[in-house]
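Comments concern the structure below.
Being a predicted model, the structure only gives us computed values, none of them experimental.
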Amino acid sequence: MPAHFDLIIRGGVCVMPWGEVAADVGVRHGRIAAIGTPADATADQIVDAAGLHVLPGLIDPHVHLRDPGNAAVETIPTGTKAAVLGGLTAVFDMPNTTPSITTAESLAWKRGYVEQVAWCDMGLYVGGTKTNIGELAALEVEPGVCAIKVFAGSSNGDLMVEDDEHLELVMRAGRRRIAYHSEDEYRLQARKPMFKSGDPYSSHAEWRDVECAALGTRRLMALARKTGRPAHILHVSTAEELEYLKDFRDIATMELLVNHLTQVAPDCYERLGGFGVMNPPIRDERHRAAAWAAIADGTVDTIGSDHAPHPYEAKLKPWPECPAGLTGVQTLVPIMLDHVNAGRLSLARMVDLMSAGPARVYGAINKGRLVTGYDADFTLVDMKAKRTIENKWIASPCGWTPFDGMAITGWPMATIVRGAVVMRDDEVLGAPTGKIVKFA
Ligand SMILES: [Zn+2]
C-alpha cells in the first residue's frame, strides 16, 4: 500500500537550517510526517508548491491586536486574518488591551476566546505591573504565555514599571525570559516640555532621543546582570544599544522591527506625518545601517512588526496628539521578502529571524523549523512575485498601512497552520483554526 497523508505539499523547495532541499512534505494529524515522500504517496489534499519556497511557519512575536479595546481598529479575528493573509502562522499578542491582561482570570478568558476566533496560532504576553509582582512567577508558566511583558517606559496607565526598585522585584519573580519595552521614562518626561503641540512630526525622534532608549537598556542590563534574569529587549532602535548589547549575549536577546530596517528619518516624517510616528521612533540612516549590520553579524534574534493600529483620523492629528503605533502584521513578511530580493539578507537568515528565532527566544514547542514531528506550519512564498502594498489590501478594520504604495518583490502565496490551508493566493480559506502556542 502506498503511504497516505492528510496533506502533501508538492514540488516546492524546503528551506532547512542547513540549506535548500527540493522535497515534498507529508502532513498527518497536523504534524510534519515526512520531508521527502515516496513518489506513489497519496493524500486527501495536495498543495501545489511548484516554483515556491516552503518555509517553516513564520511568526510575528510582537503584535497589539487591541482586543478587548477598539473593534473599529482591530480585533483578534481581524488581526489574525491579516496575519495569515500576510503569511504568518502565529503571532504573539501584547497585554496592553482594555482591560489589560495581568491576571490569571483575564488570561484564561483570552485563551478561550483565541481558540474560538483566531485564524493563526497565538502566544500571549502577560503584563508585569507594580501590583501583580507576587503573581508573576505563577502567571508566566500558565498555558499559552510567551513571556511577561514589562513597559519600562512609554505606556499609559497601570502597565508601567519605570523604577529600578520595582524592576528588580519583577526580575526576581519567576525565571523565564522577560520582554521589555526599553525607553527611560524619566528622561522622556523631563524632555517633554521642550516641545509643543504642532511641532513637526520629526520632533518625535528628538523628544524620544537616542539616549532615552540607550539609558533604558543600560539600566535594564545592569539589573538583569545583578539578578541573573534573562531579558529580551524589544524593538532595539539605536546603533548605541546594538553595540552595547553585544556584551550581554549571555543574558539578553533582542528584537528589531521591520520599520526600523525599512523606513528612515526625516523622510518618514515628511512623507507620512503621523503615520510615521511610533515608539521607539524611526531614526536616521546611521541607525538603520547599524540595524542591518546587526542582522548580518548575528546580533539580532527576532524581527517583529509591533503591529499597533490606531484610527485613521487619530493619526491625522498634529504631533504629539497623534497616537504612536503603526499597522504592520500583514506587511511584515512581504517587506522582509523584498529585503531578501534586494540582497540585504538571505532567505535562510530571514527564516532564522522569523521562525527559528522566536521559537528559540520564547521557548515555543514544536515550532521554528521543518522537522518531522513538529507542527505542520508553513509559509509558502513566491520569491519572484511582484505586488504593490495598498491600503485596500489591509484586513485590519483601521484600513491603512504606512507602506501603502510600496512595490514588493516576493510574496506569501499560502499559509498553512497545523496542516490547515488557511490562505492561498491572497484568499482566506476555511474557518478559524488557531490554537494557543505551547511554551517550554
Ligand atoms: Zn509594541
Side-chain angles (χ1 to χ4, degrees), residues 60-67 69-70 72-75 78-80 82-83 85-86 88 91-94 96-97 149 151 153-156 181 183 200-205 207-208 213 234-237 255-284 287-288 291 302-336 338-339 354 388-406 408:
D60 186 346
H62 191 161
V63 301
H64 300 258
L65 297 188
R66 309 287 196 218
D67 195 348
N70 183 358
V73 167
E74 191 68 288
T75 61
T78 56
T80 53
L85 280 166
L88 297 164
V91 297
F92 299 170
D93 191 32
M94 287 294 175
N96 56 330
T97 44
K149 163 75 180 280
F151 292 83
S154 157
S155 170
N156 22 29
H181 181 118
E183 285 181 290
Y201 290 100
S202 58
S203 308
H204 197 64
W207 168 39
R208 312 177 82 101
L234 299 163
H235 46 46
V236 175
S237 64
E255 171 193 80
L256 289 188
L257 298 185
V258 66
N259 306 72
H260 292 130
L261 289 164
T262 309
Q263 296 168 313
V264 70
D267 168 75
C268 65
Y269 301 108
E270 288 163 2
R271 208 163 41 81
L272 298 168
F275 297 90
V277 171
M278 64 176 299
N279 297 329
I282 297 165
R283 305 186 195 278
D284 65 31
H287 300 287
R288 181 166 65 171
T302 65
I303 288 178
S305 73
D306 200 357
H307 176 74
H310 290 283
Y312 183 84
E313 307 73 43
K315 293 297 257 178
L316 292 172
K317 288 181 185 172
W319 187 85
E321 282 81 52
C322 66
L326 303 174
T327 318
V329 69
Q330 197 171 334
T331 49
L332 173 63
V333 173
I335 293 170
M336 289 308 298
D338 191 68
H339 285 311
M354 298 184 65
T388 299
I389 291 174
E390 291 178 298
N391 283 340
K392 67 172 198 239
W393 176 60
I394 297 300
S396 303
C398 70
W400 60 270
T401 161
F403 300 105
D404 178 55
M406 184 177 177
I408 296 285

Quick check: does any side chain N or O of [X] sit under 3.5 Å from a backbone N or O of [Y], one acting as donor and the other as acceptor?
X      : Y      : result
Trp400 : Ile394 : no
Lys315 : Val277 : yes
His307 : Val329 : yes
His260 : Pro281 : yes
Glu183 : Gly153 : no
Gln330 : Ala395 : yes

Might you point out which heavy atoms bring [X] and [Y] nearest each other, and give the distance in Å?
X      : Y      : result
Cys322 : Tyr201 : SG-CE2, 3.7 Å
Cys398 : Tyr312 : O-CB, 4.5 Å
Ala314 : Pro323 : O-CD, 3.4 Å
Ser237 : Ala213 : OG-CB, 4.1 Å
Phe275 : Pro402 : O-CB, 3.5 Å
Ile282 : Ala265 : O-CB, 3.7 Å

If you measure from [atom1] on [X] to [atom2] on [Y], what distance do you get to the nearest 0.5 Å?
X      : Y      : atom1 : atom2 : result
Thr302 : Glu255 : OG1   : CD    : 4.5 Å
His64  : Lys149 : NE2   : NZ    : 5.0 Å
Leu256 : Leu234 : CG    : CG    : 11.0 Å
Met278 : His235 : CE    : NE2   : 7.0 Å
Asp60  : Leu88  : CG    : CG    : 5.5 Å
Met94  : Phe92  : CE    : CZ    : 10.5 Å

Set out, in order, the CA-CA distance, both residues' side-chain angles and the distance that settles side-chain contact (heavy atoms from CB on, under 4.5 Å) for Asn391 and Thr401, then state yes or no. CA-CA 6 Å; Asn391 283 340; Thr401 161; 3.3 Å; yes
Should Gln263 and Asp267 count as side-chain neighbours, where that means a heavy-atom distance under 4.5 Å? no
Is any side-chain heavy atom of Val63 closer than 4.5 Å to a side-chain heavy atom of Glu74? no
Under the side-chain contact (heavy atoms from CB on, under 4.5 Å) criterion, do Thr262 and Asp338 qualify, and how do the steps go? CA-CA 10 Å; Thr262 309; Asp338 191 68; over 6 Å; no
Go through it in stages, so that I can follow the logic: the residues are Thr331 and Ser305, the test is side-chain contact (heavy atoms from CB on, under 4.5 Å), and I'd like the CA-CA distance, side-chain angles, deciding distance and then a yes or no. CA-CA 8 Å; Thr331 49; Ser305 73; over 6 Å; no
Under the side-chain contact (heavy atoms from CB on, under 4.5 Å) rule, what do Asn279 and His204 come out as? Steps first, then yes or no, please. CA-CA 9 Å; Asn279 297 329; His204 197 64; 2.8 Å; yes
